[in-house]
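Throughout, numbering of the chain's residues begins at 1 and tracks the sequence. We use all heavy atoms of the structure for the numbers below, so side chains are in, but hydrogens, waters and symmetry mates are not. In listed order, ligands and their atoms are each counted from 1.
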Amino acid sequence: MMRFTMSQQTPGSTTAQALQRDAFENLSQENRKFAPSPEFAANAVVTAADYAEADADRPAFWAKQARELLSWSKDFSQALDWSTPPFAKWFVGGEVNAAYNALDRHVENGHGDRVAIYFEGEPGDTRTYTYAQLTEEVKKAANAFESLGVAKGDRVAVYLPMIPEAVITLLACARIGAIHSVVFGGFSAEALRSRIDDAEAKLVVTADGTYRRGKPSALKSAVDEALSHEGNGSGHTVQNVVVVKRNGQDVDWHDGRDHWWADTVGTASAEHAAVGHDSEHPLFILYTSGTTGTPKGILHTTGGYLTQTAYTHKAVFDLHPETDVYWCTADVGWITGHSYVAYAPLINGATQVMYEGTPDSPHQGRWWEIVEKYKVSILYTAPTAIRTFMKWGKEIPAKSDLSSIRVLGSVGEPINPEAWMWYREVIGGNAGKNGERKETPAPIVDTWWQTETGAQMIAPLPGVTATKPGSAQVPLPGIAVDVVDEAGESVPNGSGGYLVIREPWPAMLRGIWGDPERFKETYWSRFETMYFAGDGAKKDEDGDIWLLGRVDDVMNISGHRLSTAEIESALVSHPAVAEAAVVGAADETTGQAVVAFVILRGDAVDTGDAIVQELRNHVGKEIGPIAKPRTILVVPELPKTRSGKIMRRLLKDVAEGREVGDATTLADNTVMAQIAQSLRK
Ligand code: WT7
């Protein structure tokens with residue numbers, strides 16, 4: 001049984017849209033395959049046996065992982081309670097402390113001197129934290145937050161750059177059972193305000209600012225602005241703001257509310273006993289864009305999340321914690337920075353690199369110098385970065401010795417075969433700065449997952465799977481993924497459809513903060529008993545999965561998720577704009593780019609470039625610089641159906657410079673001609 005409840009789209013046209021990737025990149029012609037080298041396979045930490053074991057009994061497989069990878073202060077009595085779908089409970093009755101598992105136990109097990117974090121600041125300053133030192137910092141932060149009145153279940157908003165204090169803050173919250181809500185530093189004061197209000201945060205942790213391409217970039221001023229209003233009726237809920245001094249820039253100060261990190265955390269006691277929290281105790285909220293104008297607060301809980309992030313981190317990256325140096329380039333403001341920077345690597349006792357800045361500061365070889373300096377062996381990054389490096393040229397990474405690299409990860413958007421091959425050959429094949437080549441380049445693991453899934457879901461296992469350029473290929477052990485047609489029937493090999501998840505998984509979202517109905521409606525109503533991911537996908541002749549892009553009104557810009565509706569509502573909040581429609585148009589570097597079509601109000605003057613610039617800045621102010629449209633086109637009309645729905649498909653054709661497709665369902669069939677005419681002017 002299934003119902004269609006996604007009012008935003010015409011059934012059929014959406015998969016067709018996603019399948020464009022297929023046509024566009026000619027994926028069907030892609031049949032290269034790269035088997036693991038025998039040495040790699042022989043030393044791999046996870047083998048094919050895990051698939052069979054998980055298939056035999058999924059909950060039992062995950063229960064085994066939970067007990068092996070985590071230390072529980074109270075054992076659980078049941079692996080999975082799925083008696084009230086779609087609300088899952090994993091590891092029922094168990095108690096576990098995330099921070100204890102990430103830190104204290106490694107110190108207790110004799111690994112206190114192992115490096116947890118090598119921090120590299122953008123200006124070139126460095127800091128190293130061993131597990132013992134990081135444990136101490138987190139204990140101090142936990143004491144400091146408690147002394148500021150933060151208790152179990154309270155929400156803490158985090159607006160920080162990529163500095164160790166970000167990880168320390170997250171783990172300190174987890175330690176005391178406070179729920180963190182990280183807001184990416186690239187989001188605006190307005191976006192921060194709405195997230196603080198929705199979660200009713202009690203504390204905000206921020207920094208004076210950070211560095212961006214050698215220049216200071218402010219953060220605290222946005223917090224001040226976000227807190228300068230009355231909040232949701234009764235005044236906002238924030239009582240205190242803790243401020244890390246990072247770039248030393250001037251800040252406004254609110255006595256009584258604002259506290260320097262050094263004065264609070266720095267002076268707190270380094271003794272703090274961790275207690276176990278219920279396996280289903282909320283760990284964090286992370287806001288992400290959906291198909292409507294308001295971001296959703298995705299809720300994750302403790303035991304299942306930690307288990308699946310730790311298992312996948314070990315299995316997919318073939319982690320050998322004693323010898324590997326792992327570097328995930330994602331910002332902690334996104335789910336990748338939560339699961340694969342703040343939690344999994346530390347749970348697994350790994351040594352990781354953390355870098356504050358951009359890849360081109362002070363020059364385009366910065367990342368490769370970092371790889372050489374710390375002998376990074378596992379690198380996890382996004383296709384948009386890889387395509388940028390391709391553009392800059394292979395001579396740049398060739399100047400560094402990348403021979404330490406043995407596994408390469410990709411995440412965030414589909415990786416085109418060309419970028420995949422470049423990543424493998426240029427980064428994975430480098431065996432020294434004198435142009436030496438590795439006999440077998442490092443394997444690439446393309447990992448498909450989402451903010452909602454919490455952890456990786458589809459990815460090759462580097463010691464098992466023969467990898468294919470451009471495909472994430474196989475569901476991980478214990479994960480039940482399928483591709484289905486409109487009717488919810490599994491499609492045969494060689495066909496495309498919608499990506500679904502058939503069985504509950506440990507790190508699955510437990511809901512949308514404060515909105516259980518939206519949780520059901522968004523993910524569990526299209527196909528009643530299956531999770532609807534919002535992605536189109538195809539099974540090839542071997543049954544391997546190729547991700548084709550979103551089938552809803554969510555865009556993916558440089559691996560960052562943005563909704564068309566959110567940007568449209570930012571645009572129409574400008575006094576000059578009467579109506580707006582936004583589409584994601586294919587872009588060579590960023591995957592997709594935001595293209596906006598706007599109708600100006602009757603009394604607004606079309607000032608050409610000036611109004612376009614003003615509207616771009618307005619979107620930047622409402623949402624953040626990442627949401628600024630690449631292109632804004634002022635048009636006289638928008639194409640709508642008879643029921644008033646904007647036909648984005650046609651606008652996408654215009655934005656991508658294609659001949660406009662079937663427009664027969666338009667209410668006014670002259671509209672597309674009017675738009676074309678106005679754009680020629
Ligand atoms: C959406 C989720 C997962 C962390 C970063 C993004 C797209 C993600 C892949 C991949 C093809 C991918 C999907 C997904 N996506 N990884 N390996 N291949 N598409 O998390 O912001 O929640 O976005 O990113 O469209 O639905 P997110």
Side chain to side chain contact (heavy atoms under 4.5 Å, CB included) partner of Trp327, chosen from Thr381, Ile370, Ile378, Ile405: Ile370
Assess the side chains of Asp553 and Thr291: does a donor N or O sit below 3.5 Å from an acceptor N or O? no
Using a heavy-atom cut-off of under 4.0 Å, does the side chain or the backbone of Ile415 touch ligand 1, or both, or neither?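 None of Ile415 does.
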Proximity to ligand 1 by part of Gln450, non-hydrogen separation under 4.0 Å: both
Which protein heavy atom lies closest to [atom], and at what distance to 0.1 Å?
{"atom": "atom 3 (C) of ligand 1", "answer": "Trp449 O, 3.1 Å"}
{"atom": "atom 27 (P) of ligand 1", "answer": "Thr451 OG1, 3.5 Å"}
{"atom": "atom 16 (N) of ligand 1", "answer": "Gly412 N, 3.1 Å"}
{"atom": "atom 9 (C) of ligand 1", "answer": "Glu413 N, 3.5 Å"}
{"atom": "atom 11 (C) of ligand 1", "answer": "Pro414 N, 3.1 Å"}
{"atom": "atom 13 (C) of ligand 1", "answer": "Asp535 OD2, 2.9 Å"}
{"atom": "atom 5 (C) of ligand 1", "answer": "Thr336 OG1, 3.5 Å"}

Check whether any N or O atom of [X], backbone or side chain, sits under 3.5 Å from an N or O atom of ligand 1, and answer yes or no.
{"X": "Ser410", "answer": "no"}
{"X": "Thr447", "answer": "yes"}
{"X": "Thr288", "answer": "no"}

Heavy atom of Ala472 under 4.0 Å from ligand 1? no
Quick one: does Gly534 get within less than 4.0 Å of ligand 1, heavy atoms only?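 Distance cut 4.0 Å: Gly534 fails for ligand 1.
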Output the list of atoms in ligand 1 that are nearer than 4.0 Å to some heavy atom of [X], sorted by atom number.
{"X": "Arg561", "answer": "2 (C), 21 (O), 22 (O), 23 (O), 27 (P)"}
{"X": "Val411", "answer": "3 (C), 4 (C)"}
{"X": "Asp446", "answer": "10 (C), 17 (N)"}
{"X": "Asn556", "answer": "7 (C), 24 (O)"}

State yes or no: are the ring centers of [X] and [Y] separated by less than 6.0 Å?
{"X": "His300", "Y": "His338", "result": "no"}
{"X": "Trp449", "Y": "Tyr340", "result": "yes"}
{"X": "Trp505", "Y": "Tyr305", "result": "no"}
{"X": "Tyr326", "Y": "Tyr380", "result": "no"}

Measure the acute angle between the ring planes of Tyr311 and Phe61, then classify it against the limits of 30° and 60° as parallel, tilted or perpendicular. perpendicular
Under 6.0 Å from the ring centre and within 45 degrees of the ring axis: does the NZ or CZ of Arg510 meet both conditions for the six-membered ring of Phe87?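 The answer is no; the distance or angle limit is not met.
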I would like to know whether Tyr159 and Phe184 meet ring-ring contact (aromatic ring centres under 6.0 Å, His included); could you show each step before the answer? CA-CA 6 Å; Tyr159 191 64; Phe184 174 56; 8.8 Å; no
Indicate yes or no for a side-chain donor-acceptor contact from Tyr523 to the backbone of Pro86 under 3.5 Å, with no hydrogens or angles considered. no
May I ask you to say whether Glu120 pairs ionically with Arg366, meaning some side-chain N is under 4.0 Å from a carboxylate O? yes
